[in-house]
Amino acid sequence: MHQVLISAGATDITPPRPLMLGGFDKRPRPFSNIASSLEANVLILTGRSSRVIIVSTDLLYPGQTLRDRLTRNLGLERNAAELFLCASHTHYAPMTAPAMPRLGVADPTYVGYVADQIASLIKSIEGQDAPAECSYREGMAHHSINRRLVRLRLTKFGLARSSRFGPNPLGERDESVRIVTFSNAAGAPLCVIWNYACHPTGFPDLLAVSAEYPGVVRARLRAEFGNIPIVFLQGFSGDVRPPFVGTPGGVIGLARRVLRGPQFRIPSRDEWEQWSSGLAECVASIARSPARPIELSAPKLTRTEIAEREFAAGGSGDKSLFWHTIDCGGFRIIGVNAEPVVEYRRLVEKYLNGTPFLTAGCLDQAHCYLPIDTMIPERGYEVDGFRPLLGFNAKFLTRLQDAVIGRLTKALS
C-alpha cells in the first residue's frame with residue numbers, strides 16, 4: 001500500500017468590516033461586535049494518484065459562488081471532486097451564498113476575501129506534504145435535542161398530527177462525537193477532524209460574529225494538542241439543535257404552551273457558555289481516550305448527482321443534490337449539499353458494514369432540507385417551512401428516501 005501524505009493549515013476569515021449576518025431573516029442591521037473569530041481549516045490528503053482538499057469554513061453555507069471561485073483559483077475545473085467544501089453552519093457569520101437573500105445578503109467583496117484567503121492557504125501548504133499516522137475515536141456528548149415536535153394540532157387541513165419547532169426529548173439524535181487524528185511519527189498531533197450533529201443556533205447575541213460551539217471546541221482542542229488545524233464536519237443535523245427550553249410566563253406564555261406545546265428560548269450568555277464549554281470538554285475527553293489505529297489508503301472520491309426531478313416535483317429543475325464521498329480506506333466521509341435530518345445517518349450506516357465514517361451536511365450550494373418519508377405528511381419546517389428562505393420551490397416526492405439513498409449506495413459500491 002502506497003503512503004498517504006497530509007498537509008494542513010488554517011486561516012482567518014473574520015469580516016474586516018460590519019456586514020449583515022446569515023442564518024435568520026429578522027436581523028435589523030449589520031453585526032455590531034465580534035464575539036469570536038471565524039476560520040477556514042484545510043486538510044489535504046495525497047496518495048500516489050489522487051488527492052482531496054477538505055475545506056471546513058465557519059459559514060452558514062459556502063454557496064456556489066465561493067465554490068466556483070475556489071475551483072478556478074485552484075485549477076480544479078476538471079477535478080471537481082477534489083474539493084470537498086463544507087460549512088460549520090454557524091448562524092453568526094456573513095453570507096457567502098447569494099442565492100439565499102432571505103437568510104442574509106451576500107457581500108461580493110467578502111465572498112472574494114474568503115475565496116482569496118482559502119486559496120492562498122491551500123497554495124501555501126501544498127508543498128508541505130508529510131507522512132502521518134491516523135487514529136479514530138468515538139464517544140457520546142449528550143448536548144443536543146430533537147427540535148421537531150409532532151402533535152395533534154388544528155391546521156388549515158383540519159385536526160391533524162403536524163410538526164412545529166419544539167423540544168422533543170424522545171426524538172432522534174446523533175450524540176456520537178467522531179474524531180480522526182493525524183499525528184507524526186513521534187505521536188504529536190498534526191491535524192484533527194471532528195464530527196458532531198447539532199445546529200449552531202444557540203448563541204444569545206444576534207448581532208455578533210461567532211464561530212458558535214465549533215469555535216469553542218476548536219479552542220479547547222488546541223489547548224489540548226497545540227495550535228493545529230481543527231476541521232469540523234457538521235453532521236446530519238436537520239432536526240437537532242441546542243437544548244435551551246422554556247417559554248415566557250404570564251398569559252401569553254400560557255397561551256403559547258397550550259396552542260404550540262413546549263418551546264425553545266434564547267439562552268443567557270452564561271447559559272450558552274456553560275453549555276458550549278461542557279460540549280468542548282466532552283470532545284476533548286473523547287480525543288484523549290484510547291484510539292483505534294487506522295491504515296490510510298489513497299483517497300477515492302465520488303461526486304454523484306441527484307437531479308431535482310428524482311426527489312421533488314414542481315420546482316425550477318435546477319436544484320440538484322450531490323453526494324460527495326471520500327474513501328480513505330480506514331474511514332470515510334459522506335457529505336451532501338443539503339441539511340439531512342439525523343435519521344439519514346442511520347440509513348447510510350446500513351451500507352458501510354461497520355467502517356468508521358463521518359457525515360457532513362451544508363456542502364457547496366445547499367438547496368434544501370432532507371426529511372425522511374414519514375415526515376412528509378407531518379409537514380413542518382424540514383418539509384415545507386424552509387422553502388421560501390432557501391429559495392426551493394419544489395415539493396418533495398412521497399418516496400424521497402429511495403431516490404436519495406439509492407444514488408448514494410451506487411456511489412459507495
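Note that these values count all heavy atoms, side chains included, but never hydrogens, waters or copies made by symmetry. Given the structure is predicted, the values throughout are model-derived calculations rather than measurements.
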Looking only at the side chains, is there a donor atom on one of [X] and [Y] sitting less than 3.5 Å from an acceptor on the other?
{"X": "Glu339", "Y": "His199", "value": "yes"}
{"X": "Ser144", "Y": "Glu175", "value": "yes"}
{"X": "Glu305", "Y": "Ser320", "value": "yes"}
{"X": "Thr14", "Y": "Asp12", "value": "yes"}

Less than 4.0 Å between a side-chain N and a carboxylate O, is that true for Arg148 and Glu343?
no
Ion pair check, Asp107 and Arg17, cut-off under 4.0 Å
yes
Near-ring test Phe236/Tyr344, centroid separation under 6.0 angstrom:
no
Is [X] reaching over with its side chain to a backbone N or O of [Y], donor-acceptor style, under 3.5 angstrom?
{"X": "Arg220", "Y": "Glu281", "value": "no"}
{"X": "Thr96", "Y": "Tyr61", "value": "yes"}
{"X": "Thr90", "Y": "Ser210", "value": "yes"}
{"X": "Thr409", "Y": "Gly406", "value": "yes"}
{"X": "His367", "Y": "Lys319", "value": "no"}
{"X": "Arg67", "Y": "Leu83", "value": "yes"}

Would you please classify the geometry between the Phe331 ring and the Phe182 ring as parallel, tilted or perpendicular, with 30° and 60° separating the classes?
perpendicular
Check the orientation of His91 and Phe24. Use parallel for under 30°, tilted for 30 to 60°, and perpendicular for over 60°.
tilted
Show your working on side-chain contact (heavy atoms from CB on, under 4.5 Å) between Ile228 and Val192 and close with a plain yes or no.
CA-CA 8 Å; Ile228 62 173; Val192 170; 3.9 Å; yes
Should we count [atom1] of [X] as having more than 12 external heavy atoms under 6.0 Å?
{"X": "Gln274", "atom1": "CD", "value": "no"}
{"X": "Arg399", "atom1": "CZ", "value": "no"}
{"X": "Ile266", "atom1": "CD1", "value": "no"}

Out of Asn79, Asp364, Thr325, which residue meets the side chain to side chain donor-acceptor pair (under 3.5 Å) rule with Arg303?
Asp364
Contact summary for [X] and [Y], nearest pair of heavy atoms:
{"X": "Ala298", "Y": "Ser50", "value": "CB-OG, 3.6 Å"}
{"X": "Ala312", "Y": "Leu397", "value": "N-CG, 3.6 Å"}
{"X": "Leu321", "Y": "Ala338", "value": "CD2-CB, 4.1 Å"}
{"X": "Pro15", "Y": "Leu38", "value": "CD-CD1, 3.9 Å"}
{"X": "Pro267", "Y": "Gly202", "value": "CG-O, 3.1 Å"}
{"X": "Gln401", "Y": "Leu347", "value": "NE2-CD1, 3.9 Å"}

Side-chain contact, heavy-atom cut-off 4.5 Å: [X] with [Y]?
{"X": "Arg147", "Y": "Pro167", "answer": "no"}
{"X": "Arg379", "Y": "Ser162", "answer": "no"}
{"X": "Arg69", "Y": "Asp116", "answer": "yes"}
{"X": "Asn41", "Y": "Arg218", "answer": "yes"}
{"X": "Val341", "Y": "Glu172", "answer": "no"}
{"X": "Val404", "Y": "Trp323", "answer": "yes"}
{"X": "Val55", "Y": "Ile122", "answer": "yes"}
{"X": "Leu60", "Y": "His89", "answer": "yes"}

Supply the atom-to-atom distance [X] [atom1] to [Y] [atom2], rounded to the nearest 0.5 angstrom.
{"X": "Asn195", "Y": "Leu358", "atom1": "CG", "atom2": "CG", "result": "4.5 Å"}
{"X": "Lys300", "Y": "Arg332", "atom1": "NZ", "atom2": "CZ", "result": "8.0 Å"}
{"X": "Leu59", "Y": "Cys86", "atom1": "CG", "atom2": "SG", "result": "10.0 Å"}
{"X": "Ile179", "Y": "Ser289", "atom1": "CD1", "atom2": "OG", "result": "7.0 Å"}
{"X": "Gln234", "Y": "Glu212", "atom1": "CD", "atom2": "CD", "result": "10.0 Å"}
{"X": "Leu400", "Y": "Met375", "atom1": "CG", "atom2": "CE", "result": "10.5 Å"}

Under 6.0 Å from the ring centre and within 45 degrees of the ring axis: does the NZ or CZ of [X] meet both conditions for the six-membered ring of [Y]?
{"X": "Arg241", "Y": "Phe264", "value": "yes"}
{"X": "Arg345", "Y": "Phe357", "value": "yes"}
{"X": "Arg27", "Y": "Tyr92", "value": "yes"}

Stepwise side-chain contact (heavy atoms from CB on, under 4.5 Å) test for Leu408 and Tyr351
CA-CA 9 Å; Leu408 176 61; Tyr351 298 95; over 6 Å; no
When you look at Ile333 and His324, which way does the side-chain contact (heavy atoms from CB on, under 4.5 Å) test go after all the steps?
CA-CA 8 Å; Ile333 297 175; His324 199 158; over 6 Å; no
Ser7 and Thr46: CA distance, side-chain angles, deciding distance, side-chain contact (heavy atoms from CB on, under 4.5 Å) verdict
CA-CA 9 Å; Ser7 54; Thr46 304; 5.8 Å; no
For Trp275 and Tyr213, run ring-ring contact (aromatic ring centres under 6.0 Å, His included): C-alpha distance rounded to whole Å, both residues' side-chain angles, the deciding distance at 0.1 Å, then the answer.
CA-CA 9 Å; Trp275 172 81; Tyr213 78 79; 5.7 Å; yes
Ring pair (Phe, Tyr, Trp, His ring centres under 6.0 Å) against Tyr369, all qualifying residues, sequence neighbours excluded:
Tyr381, Phe386
Apply the side-chain contact (heavy atoms from CB on, under 4.5 Å) test between Val231 and each candidate in Val42, Leu43, Val180; give the one that qualifies.
Leu43
